[in-house]
Amino acid sequence: MTTMDLVGKVLQAVVGLAAFGVVMALLLTFLDRPEDKPRAASWGAAIRQGLRPRVILIAAFALIAILARVLYGAVPWMTQALTNAAIMIGVAGIVAVVLQWLLDRLLQPAPAAVRSAVMRALGAVLVIALVVVAMSAERIPALDWVTPALVLAATIVGWPLAAALLATAAIAFLPPRIRRGVRLIAWLAAAVAVVVVALVLEQGREQPIGVWPWAAAAGLSIIGLLGYFADEDEDSRPMLVFLAPAALLLTVGLVYPAIRTTVLAFTDRTGTFNGVDNFVWMFTQPEALVTLANTVVWVILVPTLSTAIGLAYAVFIDKSRGERVYKMLVFMPMAISMVGASIIWKFMYAYRGPEQDQIGFVNQIIVWFGGAPQQILQNSPWNTLALIAVMIWIQTGFAMVVLSAAIKGVPTEQLEAAQIDGANPWQRFSNVTLPGIRTSLVVVITTISIATLKVFDIVRTMTAGNFSTSVVANEMYTQAFRSGEPGRGAALALILFIMVLPIVAYNIRVLNQQKAIR
């Protein structure tokens, strides 16, 4: 890596931090809204009131503009258009913050509803002005750097944003309870409008617009939710500030893909709606039925055996000499990746002809006992059990550690009382220890069950799903990326999600019951 590459990486990191600073400063400014602050006693106090978050915001916008100029020419992705856009955003942000602060001070004697309405209306006017300027950029020589993509983005997001600001300004004088609900509806409607406009405009374009309108819609939705909950409980605002960026990332990275996958499950390979054909294929084709049956077998055997073995091991080595070493030996497979463990066990199951020396440990044991070597990974249904053994080997250490910690948390007085009452070791375990670790057992079983439902690495690495060993996660990958059937892959993903839901719901129910008891 050259010195310039290193400098470019450092500058990219600084830009990321600056962007995060802008987000946090905006949220801090939201916490310091004028309608929530009493009137200052003097002009000097009015100047200081709410100044700190705005200074942070101005510094963040200035940093974006400066870094954009510094990065130009230092990194390949920083083009002239992007540099100009970043500088324009920085300058416009600084001007907007200063104007908002001055207007806030001038409107201080006015009621909170008036100040809120004026601020929102002014924001709408600024957004409309930016959209109009962007749409007229081709006729302004100084804005020749504005690309059609920027104009499209301003058009798609700007008008719904301006409409939401005007709507929330118009309802500023309604009763608080009604105002909160209508504001939320206005922001959600703006989010829906962004998506609808993007989808409509995408129909007449050769290239798709991309995923960014969905991200913008998620941002508008989060703004509405943030205002809704903050108006209800002022104490929750600091929490909302730090939850908002995470909520935005979860929406873009989790909620949107889930919705997109659900829609894709009802389409064919060309993207045309085909109803429930993918689900009919899943429950009628022999290969798909074998996949579903294998998944059920995995979910039954892996959590049960892993938890049982881990619990037995935790009980037998509890308070014994060398307990730490014994735990370390069983927990070590958890430190190995699924692919690494699969490669190890693939060598363990390796097959050679009867006339050759065996390199697979399992076949060597079979030969030592006078048997013929077996093609373990090809003989169905034993190959599925061989794959399940790998998952049990990995997950047993997790079950052992969690349950061992839970066993040590069982009160010693209860065990001693049971022993005095004449209970034998099994009775003490089943009547005292087991009820005491019930919550931990539920957590272990549900965690391993969910991991088992999503198992992909082991099957893909060891057999690639051949020889009747495929499971839902592997078949989802095969159909979507190997067979060119994204609809079937999405349908399998949806079924996998539905299979996980009861496990999660049961886990939440048990935890809530335990919380109620406490």
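The first residue in the sequence is number 1, and the count goes up from there. Note that this is a predicted model, so its numbers are computed, not measured.
- No more than 12 heavy-atom neighbours from other residues, nucleotides or ligands sit within 6.0 angstrom of NZ on Lys454.
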### Pair Ile376-Asn383, side chain to side chain contact (heavy atoms under 4.5 Å, CB included): steps then yes or no
CA-CA 6 Å; Ile376 299 173; Asn383 50 5; 5.7 Å; no
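- Side-chain contact between Leu434 and Phe429 is present, with heavy atoms from C-beta onward closer than 4.5 Å.
- Applying the side-chain hydrogen bond (donor to acceptor under 3.5 Å, both in side chains) test to Ser449 and every residue at least two apart in sequence or in another chain returns nothing.
- Nearest heavy atoms, Ala406 versus Ser440: CB-OG, 3.3 Å.
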### Query
What's the verdict on side chain to side chain contact (heavy atoms under 4.5 Å, CB included) for Ile394 and Met334, showing C-alpha distance, side-chain angles and the deciding distance?
CA-CA 5 Å; Ile394 295 173; Met334 283 291 297; 4.1 Å; yes
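- Between the CD atom of Gln427 and the CD atom of Gln419 there is a distance of 12.0 Å, given to the nearest 0.5 Å.
- A salt bridge links Lys408 with Glu323: the closest approach of a Lys/Arg side-chain nitrogen to an acidic carboxylate oxygen falls below 4.0 angstrom.
- The closest side-chain heavy-atom distance from Val402 to Thr447 is not below 4.5 Å.
- Note that CZ of Phe316 is 14.0 Å distant from OH of Tyr326, once rounded to the nearest 0.5 Å.
- If you take CE on Met348 and CD1 on Ile343, they are separated by 14.5 Å, rounding to the nearest 0.5 Å.
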### Query
Where do Arg488 and Ser483 land on the side chain to side chain donor-acceptor pair (under 3.5 Å) test, with the steps shown first?
CA-CA 10 Å; Arg488 292 180 179 178; Ser483 302; over 6 Å; no
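- Taking 4.5 Å as the limit, some side-chain heavy atom of Leu453 sits within range of a side-chain heavy atom of Ile503.
- Asn278 contributes a side-chain N or O that, together with a main-chain N or O of Thr267, makes up a donor-acceptor pair within less than 3.5 Å.
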Side-chain donor-acceptor pairs of residues 364-375 under 3.5 Å, sequence neighbours excluded:
unit_1 : atom_1 : unit_2 : atom_2 : d
Gln374 : NE2    : Ala372 : O      : 3.0

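- Phe467 has its side chain out of reach of Ser380: every pair of non-hydrogen atoms, C-beta onward, lies at least 4.5 Å apart.
- Judged by distance alone, the side chains of Thr478 and Arg460 do bring a donor and an acceptor atom under 3.5 Å apart.
- Looking only at side-chain heavy atoms (C-beta outward), Val330 and Val401 stay at 4.5 Å or farther from each other.
- Of all the heavy atoms in Val455 and Ala473, the pair that sits closest is O-CB, 3.3 Å.
- Residues Gln479 and Trp281 are in side-chain contact: their nearest non-hydrogen atoms beyond the backbone lie under 4.5 Å apart.
- Counting all heavy atoms, side chain and backbone alike, Ala418 lies closest to Val432 at CB-CG2, 3.9 Å.
- In this structure the side chain of Gln414 never reaches within 4.5 angstrom of the side chain of Arg428, judged on heavy atoms.
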### Message
Assess the residue pair Leu385 and Trp382 against the criterion (side chain to side chain contact (heavy atoms under 4.5 Å, CB included)); give the C-alpha distance rounded to whole Å, side-chain angles, the decisive distance to 0.1 Å, and a yes or no.
### Response
CA-CA 5 Å; Leu385 298 178; Trp382 308 110; 3.5 Å; yes
Return all side-chain donor-acceptor pairs below 3.5 angstrom for residues 354-361, not counting sequence neighbours, or 'none' if the list is empty.
unit_1 : atom_1 : unit_2 : atom_2 : d
Gln356 : OE1    : Gly353 : N      : 3.4
Gln358 : OE1    : Arg352 : N      : 3.2
Gln358 : NE2    : Arg352 : O      : 2.9
Gln358 : NE2    : Gly353 : O      : 3.2

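- At least one donor-acceptor pair closer than 3.5 Å links the side chain of Thr469 to the backbone N or O of Asn466.
- Residues satisfying the side-chain hydrogen bond (donor to acceptor under 3.5 Å, both in side chains) test with Asp277, not counting sequence neighbours, are none.
- With hydrogens and angles ignored, the 3.5 Å screen pairs a side-chain donor or acceptor of Asn424 with a backbone N or O of Trp426.
- The line from CE of Met462 to CG of Asp457 is 12.0 Å long, rounded to the nearest 0.5 Å.
- The closest donor-acceptor contact from the side chain of Thr446 to the backbone of Val442 lies under 3.5 Å.
- Leu377 has its side chain within reach of Leu387: a pair of non-hydrogen atoms, C-beta onward, lies under 4.5 Å apart.
- Contact detail for Ser221 and Ala191: the closest heavy-atom pair is OG-CB, 3.3 Å.
- Taken from CG in Asn363 to OH in Tyr349, the straight-line distance is 10.5 Å, to the nearest 0.5 Å.
- To the nearest 0.5 Å, atom OG of residue Ser404 and atom CD1 of residue Ile317 are 6.0 Å apart.
- For Thr284, the side-chain hydrogen bond (donor to acceptor under 3.5 Å, both in side chains) test picks out no residue, with sequence neighbours left out.
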### Query
So Thr433 and Leu415, side chain to side chain contact (heavy atoms under 4.5 Å, CB included) or not? Walk me through it.
CA-CA 8 Å; Thr433 303; Leu415 295 171; 3.6 Å; yes
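- The six-membered or imidazole ring of Phe279 lies near that of Phe266, with a centre-to-centre distance under 6.0 Å.
- For Thr262 against Ala258, the heavy-atom pair with the smallest separation is OG1-O, 2.8 Å.
- The closest donor-acceptor contact from the side chain of Arg269 to the backbone of Glu485 lies at 3.5 Å or more, if one exists at all.
- Contact between Ala399 and Val444 at its shortest, heavy atoms only, is CB-CG1, 3.7 Å.
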Which side-chain N or O atoms in residues 288-309 pair as donor and acceptor under 3.5 Å with protein atoms at least two apart or in another chain?
unit_1 : atom_1 : unit_2 : atom_2 : d
Thr291 : OG1    : Glu287 : O      : 3.1
Asn294 : ND2    : Val290 : O      : 3.4
Asn294 : ND2    : Ser468 : O      : 3.0
Asn294 : ND2    : Ser470 : O      : 3.1
Thr295 : OG1    : Thr291 : O      : 2.9
Thr295 : OG1    : Val472 : N      : 3.1
Thr304 : OG1    : Ile300 : O      : 2.6
Ser306 : OG     : Val302 : O      : 2.8
Thr307 : OG1    : Pro303 : O      : 2.7

